[in-house]
Amino acid sequence: MMNPKPDTLSPPGFLAGGGTMGALIRAHDWSASPLGPPTRWPQALKTAVSLMLQARQPAYIAWGLEQISLYNDGYIPILGTKHPAGLGQPAAALWAEIWETLGPLNAAVLAGEAQWFEDMPFALAGRDRDLSWFSYSYTPLRGDDDRITGIFCVAQETTEKVLAHRRTLAERERLTRMFEQAPGFVAMLEGPEHRFGLANPAYMRLVGHRAIIGKTVAEALPDAVEQGYLGLLDEVYRSGKALNLIGAKYAAQTAPGGSIDERYVDFVYQPLTDATGAVTGIFIEGYDVTDRIRAETHRRALLELGDRIRDIGDPDELSFAAAEILGRTLEVSRAGYGTVDKASETITIARDWNAPGIKSIAGVLHFRDYGSYIEDLKRGETAVIADADQDPRTAATAGMLKAISAQAFINMPLTERGNFVALLFLNHATARDWREDELALVREVAERTRTAVARLEAERDLQALAASLEQQVAERTEEYDRVWRNSRDLLVIVGADGIFRAVNPAWTTILGHEPEEVVGHSFLEFIWPEDATLTQDGLDEAAAAHDLTNFENRYRHKDGTPRWISWHTSVEGDLVYAYGRHITAEREAAAALGQAQDALRQSQKLEAVGQLTGGVAHDFNNLLTIIKSSTDLLRKPGLPDERRRRYIDAISDTVNRAARLTGQLLAFARRQALKPEVFDAAERIRAITDMLRTVVGSRIRIVMEMPSEPCRIEADVSQFETALVNMVVNARDAMEGAGRLIVRVEEVSGMPAIRGHRGGIGPFVAVSLTDTGVGIASDQLIRIFEPFYTTKEVGKGTGLGLSQVYGFAKQSGGDVAVESEVGRGTTFTLYLPRIDETVAAGEERKRPTGSAPEEGRGRRVLVVEDNVEVGRFSTQVLQDLGYETTWAANADEALALLQKADSFDVVFSDVVMPGMSGIELGEEIRRRQPGLPVVLTSGYSHVLAEKGLHGFELLHKPYAAEELSRILRRLTGGRHSSQ
């Protein structure tokens, strides 16, 4: 910290002057500094400080072991915000941020080694910028004892100079990149000898990447000298006037010994002058416009060819004109067109175009005399030879080719209907690389020429055809007239307005009207009245260019009777041309056939009904025989209990068999009451696999092919399993107990149409059973699902198993298909709709539970049954079981009894009754008394089959008293109360 004090004594002479820093040094309190008061400083330090203060450049002194800092006014900007506190500080503290770099330098100077640095970067604290540059010198200072004690530094900040130089370099680099990346070519020539100073990559490409920098144009580009470009440069240098050329040709040899590449350029020679106006060099700038010039040249050639094609009518003359245009445009030695005989491998040239000094080769030439490229031509490929000496196809015959001025050539085959028939050729006397744009032009000219020649030849053929056309037209017209007059079918021309324009004489034969009675009249005057609207719609459609096929309607004969006509139409302009065939007899025959078929189907239905009723009667007579015999024996007095039980059991078993029989009939009729639920078909089949193996026996191997994903369906599980068992039993019998049965479950995208029934869209589950049995004859396949029909021997089948499968499938929204081949086995496929998600088939109803008295004591049952015998029997059974019963003969009577509050614990009702059905009664009770249970019973009900149970319990007829009591106890457990 400085503590300036006013001078009470005159300052030492070495501190005189010095500007701001002189005053600060004089006023500084040096008593605490290692240097002490200035009057006691060593003479060497006084001298150095005096020199520093008088210096005009920035100067700095570091003195003593601590390297105490002293500096002049010029050094103040270098310190920045470190001034004025930096005066008297040790160098290590003053330059702490760069001491790692500066410390070793100071040590080297104090060791006697002077230092000089130019544009040295430092990141100094206290300055506006992050980095500064300096040029400075470090000189050792000796004390009075001749030992080095300090450092004298003269510095100059060069930050602006360095940054300016960097900007200059960056700008130069940017200009260099721009120069190199310029789309055109650029070069700089120096002095009157035109020495290359620079050239960008585009210019180097133009001259073939030759080493030109530092060389004169005459040394680097002798080919440019030969083409007169050196003379142009001399004139620009002499006159000082710029030269601008458009589309100038420049032929350059891009590689030593290589071919000459002709380029076209737009360029300017711009003279460069010094301050006195004297020309010192030439700036060259331009663009390679070769592609543009060539494209324009080719375009003009095609335009010329188009003009010649329009004017020339002779095919040979046209071919020569195309060859001439190609020859001049591509500057070749020869061009021509010839016809080819592929079999003899020759070309016939009637005429060719030749450049000055080139002889014609018109005549017949053999391809093999000039090489093997004929093989390329036969394949339809263009033969392109750049140098006959080098190409393997022509190396052996190069002498022959050069003799006819064809060291390089293009042979382009022309085909007609796939055959090689002609050749367009270009020859060049010396080796030549053919460019792709040249080949493209040749192809275009060849195609246009071939098309034009084909057109001319077609015109000739057309003229020859036209000579006899009039006669042919007359003959054809006469033929058409004969067809019109003699046709036995109706031929008409009718307008979109429905007015007949013309009709043939067949109208009289078929409909009784003379043509003059029809023409000019509307079709509505002749159409059968009921078909007028239909015919008008058909005419509108035909007039809209939608041709009609087999369009049938009725016309009125002149005698007033109808005639059926089948029409075919076509339209031209606003007229419809129609051909009509008389089909009245066919329609009458078809109607008679339909009636006969209906009668046959009705007869077949009656036969099937007869078979069904006969089968039912046969089976029920068998069952009734057992029941009748058992009841007669039970009436005998003194019958032992063991025999009594046997007869009673026989009656019970027979009733169960009768119930199964009626259940199969209801399944076939699709009238059984199903209890559908959602389950996985594959999982259900796996669950009963053991049972199925037991059914088929050990000699039949069951192969399961089940999917990895669930195949859920919604159906009656019991009926599904029954259908599966019925199909398995059928397969077992077909295999006579030995073979292989494949059970496959898979998801399919739809159900096919089966036996004339409509198919189904959406996901289905297909359950297939394939056996290796005897198969089923085709005439039997259509009957196997009929009830009581069976192919098995008498006594080995009821004929109801497959009927149950069929009824269950149709009632569940699916179908069953069968495929069979006699001697090779049968496949039954059961289709059932697939359920996308596992959902409950219905909500489980909450039912009251709890213990109840034995049997039905105390429970009150309302029995609803319209059949007197069944009603009496039901009430008697319930009373024997301990229930209190009331019998209502119909639903209306039951509802009247239910008006008394809480008078019954349960309602037991039949489903099929006159008036209101049991289901309708149950729904009405549910509305009036939601807590009152309803139990339905039925042996047959299309209502249940079509609409389901609606959440009610169902007891199938015939039912056992024990089963009825169990259901009633379960449903009334929570409602019972002693009375």
Side-chain angles (χ1 to χ4, degrees), residues 164-297 432-433 435-438:
H165 179 65
R166 288 191 173 187
R167 287 193 295 270
T168 300
L169 291 178
E171 181 65 18
R172 182 177 299 173
E173 183 178 354
R174 185 180 69 84
L175 292 174
T176 300
R177 286 197 303 270
M178 291 175 59
F179 186 75
E180 292 177 349
Q181 297 171 6
F185 58 83
V186 179
M188 190 84 71
L189 302 179
E190 301 171 350
E193 68 278 13
H194 313 305
R195 190 175 303 278
F196 282 101
L198 56 85
N200 73 339
Y203 191 89
M204 300 300 291
R205 287 193 298 272
L206 178 66
V207 300
H209 293 281
R210 293 181 249 187
I212 63 175
I213 303 301
K215 296 181 180 181
T216 65
V217 170
E219 294 170 342
L221 305 175
D223 44 6
V225 176
E226 295 174 1
Q227 297 172 64
Y229 286 101
L230 181 59
L232 296 176
L233 289 170
D234 288 340
E235 177 60 25
V236 170
Y237 196 91
R238 183 193 61 77
S239 65
K241 295 180 180 179
L243 174 66
N244 187 14
L245 291 181
I246 303 298
K249 182 188 293 187
Y250 173 60
Q253 188 178 45
T254 57
S259 60
I260 302 298
D261 185 20
E262 290 186 349
R263 314 298 296 173
Y264 295 89
V265 292
D266 294 347
F267 70 90
V268 61
Y269 286 167
Q270 179 65 47
L272 302 175
T273 60
D274 60 13
T276 64
V279 177
T280 60
I282 296 177
F283 179 75
I284 302 173
E285 181 182 17
Y287 295 90
D288 186 338
V289 294
T290 304
D291 292 341
R292 188 194 74 196
I293 296 297
R294 288 173 177 168
E296 180 62 26
T297 303
R432 171 171 176 166
D433 289 328
R435 301 189 309 272
E436 182 55 41
D437 64 294
E438 293 176 326

Closest heavy-atom contact between [X] and [Y]?
X: A220; Y: A211; value: CB-O, 4.5 Å
X: D288; Y: T290; value: OD1-OG1, 2.5 Å
X: I282; Y: L233; value: CD1-O, 3.5 Å
X: G240; Y: P271; value: O-CG, 3.2 Å
X: L230; Y: A218; value: CD2-CB, 4.3 Å
X: L221; Y: R210; value: CD2-CZ, 3.9 Å

[X] side chain to [Y] backbone, donor-acceptor under 3.5 Å:
X: Q270; Y: E285; value: no
X: Q227; Y: D223; value: yes
X: D266; Y: G247; value: yes
X: T273; Y: V279; value: no

Q: Starting at CZ of F267, measure out to OH of Y287 and round the result to the nearest 0.5 Å.
A: 14.5 Å
Q: Could you grab the distance from atom CG of D234 to atom OH of Y229, nearest 0.5 Å is fine?
A: 15.0 Å
Q) Is any side-chain heavy atom of L245 closer than 4.5 Å to a side-chain heavy atom of Y269? A) no
Q) Which of these passes side-chain contact (heavy atoms from CB on, under 4.5 Å) with R263: R294, K249, R205? A) R294
Q.
By the definition side-chain contact (heavy atoms from CB on, under 4.5 Å), identify the one residue from M204, R195, E219 that meets it with I212.
A. M204
Q: Report the C-alpha distance between F283 and V186 in whole Å, list the side-chain angles of each, state the deciding distance to 0.1 Å, and finish with yes or no for side-chain contact (heavy atoms from CB on, under 4.5 Å).
A: CA-CA 8 Å; F283 179 75; V186 179; 3.3 Å; yes
Q | Pair F196 and Y203, ring centroids less than 6.0 Å apart | A | yes
